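Heads up, the thing below is written out as structure tokens.
Everything quoted here is computed from the prediction, not taken from an experiment. Every number for a ligand or one of its atoms is a count from 1 in the order of the listing. Computed from heavy atoms alone, side chains included, the values below leave out hydrogens, waters and symmetry copies.
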Amino acid sequence: MANFLKGFASSLSRTRGRLSDKLSRLILRHRLFDEEMLDELEELLIGSDVGVKATEEIINDIRHLAREKRLKQSDEVLSLLQDEITRILGETKIWQPPDVHPLVILVAGVNGTGKTTTIGKLAYIFKQDGKSVLLAGCDTFRTAANEQLDIWAERAGADIVKGIEGADPASVAFDAMNKAISKGYDVLIIDTAGRLHTKKNLMEELRKLSRVVSKRLPGAPQERWLVLDATIGQNGIRQAKMFDEAIDITGIILAKLDSSSKGGVVIAIKKELNIPVLFVGTGEKIENIAPFSADVFIDGIFSNG
Ligand SMILES: Nc1nc2c(ncn2[C@@H]2O[C@H](COP(=O)(O)OP(=O)(O)O)[C@@H](O)[C@H]2O)c(=O)[nH]1
Ligand SMILES: [Mg+2]
């Protein structure tokens, strides 16, 4: 999947543009390092969705190190900041599909975050990788939702099992499991509803769906991915906690990173949730997805490109 990284580098340009622009303007305004400059850096990080916890830690460490190193010029702060972000994000590995058949991926998230679109993109990645892919349309709340999944299935060259409006999502998932197993599909990706005004019901529905799937195949769904909208910042952290409690999220996909000027949420997710960001969505087209890499992300912020 390494070729997808290329797109990632360029798609991050927006985050990179905003964040690194803001940093360079800060350095220009404050040539000398002082508390005032540090205050502004703190504001900048909070304003970029880095989150209070990670920001406090970063600022305290920088203050400490700056004293220790008798830092005078403000631009020297950049390398300290880079080290801090590198440390917090830690090592990230590009996600590799586990060797299980079928691989069942349950995709959850609030309405409008980008689940169905992301599933289309994922199906496309797996198809490019030579895998057979089945999609399960378990968002039976609205007919339009499954029609949308239909379109993505066709674009990606995947097959689909879907329920009629009002059907029990768990029973649709069960049918899809049967088909995936009997026809020997490599991957089954399950699309779900995400209407949040019935939060409790939504979580119960997801739990039930997951239970039904694991009854049919112990261990499945092996992956439970949460799609977060990068433009909603800290609300995403709250959403993730909620979904994680219900179905034990194994990975996060950060959609709409292209529309967000605040890529800092990646740092907040790592610090506050410790759930890996596996992919990022970088546009509305089928190829606008990329595996997440901390290196590319950090490069994007700090390299002067
Ligand atoms: N710019 C951009 N838009 C996206 C991305 N992913 C999804 N969208 C848009 O977000 C909207 C909601 O997406 P959808 O997949 O229907 O969300 P769902 O309700 O969670 O299934 C649609 O207009 C998508 O085109 C992305 O990575 N970038
Ligand atoms: Mg949808």
Side-chain angles (χ1 to χ4, degrees), residues 4 7-18 49 105-125 135-156 158 160-167 169 172-173 176 189-199 202-203 205-206 209 224-233 235-236 239-240 242-243 246-247 249 251-263 265-266 269 277-292 296-297 300:
F4 282 94
F8 183 37
S10 60
S11 63
L12 261 183
S13 60
R14 199 182 175 100
T15 310
R16 171 251 224 47
R18 302 283 174 82
D49 282 342
I105 305 173
L106 176 64
V107 178
V110 169
N111 258 351
T113 50
K115 288 181 299 299
T116 304
T117 307
T118 299
I119 288 168
K121 295 170 178 177
L122 289 169
Y124 177 69
I125 293 183
L135 305 183
C138 296
D139 185 351
T140 52
F141 196 61
R142 301 167 298 140
T143 306
N146 276 338
E147 282 170 358
Q148 194 195 350
L149 190 66
D150 249 335
I151 296 170
W152 281 109
E154 199 175 315
R155 278 184 197 146
I160 181 170
V161 168
K162 61 191 171 182
I164 54 164
E165 189 175 316
V172 180
I189 312 178
I190 303 174
D191 194 11
T192 61
R195 56 195 191 286
L196 203 57
H197 57 270
T198 54
K199 184 171 110 186
L202 172 60
M203 296 307 153
E205 192 175 287
L206 282 172
L209 199 154
R224 295 166 301 277
W225 291 351
L226 178 68
V227 177
L228 288 183
D229 179 336
T231 64
I232 64 160
N235 281 333
Q239 286 175 13
M242 205 166 70
F243 280 93
I247 53 166
I249 297 299
I252 285 173
I253 300 174
L254 198 57
K256 309 186 197 177
L257 197 57
D258 56 301
S259 317
S260 167
S261 55
K262 302 178 171 184
V265 72
V266 167
I269 288 171
V277 174
L278 303 178
F279 293 91
V280 294
T282 57
E284 296 185 276
K285 297 208 189 77
I286 202 161
E287 66 273 14
N288 293 151
I289 184 166
F292 178 73
V296 177
F297 178 75

task = Output all residues satisfying salt bridge (Lys or Arg N to Asp or Glu O under 4.0 Å) with Asp49, sequence neighbours left out; order by chain, then residue number.
result = none
task = Check whether any side-chain heavy atom of Thr192 sits under 4.5 Å from a side-chain heavy atom of Leu206, and report yes or no.
result = yes
inquiry  = Do Leu254 and Phe292 have side chains that approach each other closer than 4.5 Å (heavy atoms only, starting at C-beta)?
reply    = no
remark   = Contact set, ligand 1, heavy-atom distance under 4.0 Å, ordered by chain/number, equals Val110, Asn111, Gly112, Thr113, Gly114, Lys115, Thr116, Thr117, Lys121, Gln148, Lys256, Asp258, Ser259, Gly281, Thr282, Gly283, Glu284
task = Examine Thr116 and say whether one of its N/O/S atoms is closer to the Mg ion (ligand 2) than 2.8 Å.
result = yes
message = Quick one: does any side-chain atom of Lys256 pair with a main-chain N or O of Gly281 as donor and acceptor, under 3.5 Å?
response = no
inquiry  = Any side-chain to backbone donor/acceptor pair from Asn146 onto Gly163? Under 3.5 Å, distance only.
reply    = yes
ask   = Taking everything shown except Glu154 itself, do over 12 heavy atoms lie less than 6.0 Å from its CD?
value = no
